[in-house]
Amino acid sequence: MTEAVREIPLSRPWITEREEELVLEVLRSGRLSLGPWIERFEELLGERVGAPFAAAVSSGTAGLHLLCRIAGIGAGDEVITSALSFVASANCFMLEGATPVFVDVDAVTLNLDPAAVEAAITERTRAIVAVDMFGYPCELDELRAIADRHGLALILDSAEALGAEYKGRPVGSHGPSAVFGFYPNKQLTTGEGGVVTTHSEEERDLLVSLRNQGRSYDSRWFHHVRLGFNYRFTDLQAAVGIGQLEKLDCLLAMRSDVAARYGELLEGLDGVEAPLADDDDHRRSWFVYVVKLAEGIDRDAVLDELAAQGIEAGHYVPAVHLQPYMRERYGFAEGMCPVAEDACARTLALPFFPQLEAEDQERVVAALREAVSA
Ligand SMILES: Cc1ncc(COP(=O)(O)O)c(C=O)c1O
């Protein structure tokens, strides 16, 4: 009998007894939602990213949507965002009736190219949704200067970037409201969930109302002062989040170590480009490990070969404007954002999570070597 190959997953959360204990405490308290754990989590998270206020919500997408609602984005408005992202960074304002204007990315950072953003501004532009893609901080100062010059709202989609630093300070601390996501592949997970960090108390109060069906934030339960949503975060999620926050530095360091090990293993492997290294202004928080294959390498054949060896890898990520619903609705097609399209066609994510063992990384890179030289 042949021995079955051990699967190496793309991603795995790192949950320990600490999260189990905290969740049990909440379960036994009898207060599963709208309890005291949420505020505790918000305070700790805000402190961690250097933002005075934070509002936890049911997902990163929900947080982005609420910021678009608060910015007053609506029908007839255009919003500029990155073609190389997850769909939520465009869906959040499309849900408010605005039109997406996809702009190309910088070939090196894979984040919004500020010059392309400025060139895309029209009299209908209302906002910019900037993304810290793959945990690498975007060009915040340039984008903020453009937004200020043209009177636009600037929303930061930092769903992938908890723990990243821009110009020596944590993403979230610089001013524009930022959204972090807590899906299980993220640096910190609560199963599902997200948080909006803000430097405005008024905005925090609005977020708290909007996430809870537009209730007033004083007292009476059935008192709704605006149209809102059920985008609530629960105390169970907060308990997991607090356990994760307590070890966030350790989780981030483990992720950095795994990334550094991949970097060493990939050295000298022709046809496979490792992710961009940090510089003085940008410190990545490692979210995924995305490599770029040289032109001419058949990416799907590489993925098939990895899968045959029990290694889960994936396209990361397809260009947003080329998704079927975008093509159908707006007629978007190839050629609109050539840099993003080229990156999206050639990148793939390797298994990546804090507890990934060195020997499994060696297996991944050996399989990759075989696949790209096939
Ligand atoms: C760039 C980006 N924006 C937004 C989101 C949305 O977060 P969530 O899945 O928590 O709604 C994600 C999640 O993967 C993301 O990667």
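Indexing begins at 1, ligand by ligand and atom by atom, following the structure's order. Numbers here simply count residues along the sequence, with the first being 1.
Backbone and side-chain nitrogen or oxygen atoms of K186 are examined, and one is located within less than 3.5 angstrom of a nitrogen or oxygen of ligand 1. For ligand 1, the polar-atom distance check against G60 finds a nitrogen or oxygen pair separated by under 3.5 Å.
Within the cation-pi definition used here (under 6.0 Å to the ring centroid, within 45° of the axis), R284 qualifies as a partner of W286.
Taking the centre of each ring, F229 and H65 come in below the 6.0 Å mark. Aromatic ring centres of H174 and Y166: separated by under 6.0 Å.
At least one heavy atom of S85 sits closer than 4.0 Å to an atom of ligand 1. Put simply, part of G193 is less than 4.0 Å from ligand 1, judged by heavy atoms.
Residues E160 and K186 are not paired through a salt bridge, judged by the lack of any N-O separation under 4.0 Å between the basic side chain and the carboxylate. Here E264 does not pair with R261 in a salt bridge; the nearest charged N to carboxylate O distance is not below 4.0 Å. A salt bridge links R48 with D249; the closest basic N to acidic carboxylate O contact falls under 4.0 Å. Taking a cutoff of 4.0 Å between a charged side-chain nitrogen and a carboxylate oxygen, R69 and E96 qualify as a salt bridge. One finds a salt bridge joining R6 and D360 here, because a Lys/Arg side-chain nitrogen approaches an Asp/Glu carboxylate oxygen to under 4.0 Å.
Of the candidates T190, N91, T61, the one placing a heavy atom closest to atom 9 (O) of ligand 1 is T61.
Closest protein heavy atom to atom 12 (C) of ligand 1: F86 CD2, 3.5 Å. Looking from atom 16 (O) of ligand 1 to the surrounding protein, the closest heavy atom is E160 OE2, 2.6 Å.
Atom numbering of ligand 1 starts at 1 in the shown order; those under 4.0 Å from a heavy atom of V131 are 1 (C). Applying the 4.0 Å criterion to heavy atoms of A159 picks out, from ligand 1, the atoms 2 (C), 3 (N), 4 (C), 5 (C), 12 (C), 15 (C). The S59 neighbourhood of ligand 1 comprises atoms 10 (O), 11 (O), with distances under 4.0 Å to a heavy atom of that residue.
Contact annotation: for N185 versus ligand 1, there are no heavy atoms closer than 4.0 Å. Contact annotation for D157 and ligand 1: only side-chain heavy atoms (C-beta onward) come within less than 4.0 Å of the ligand.
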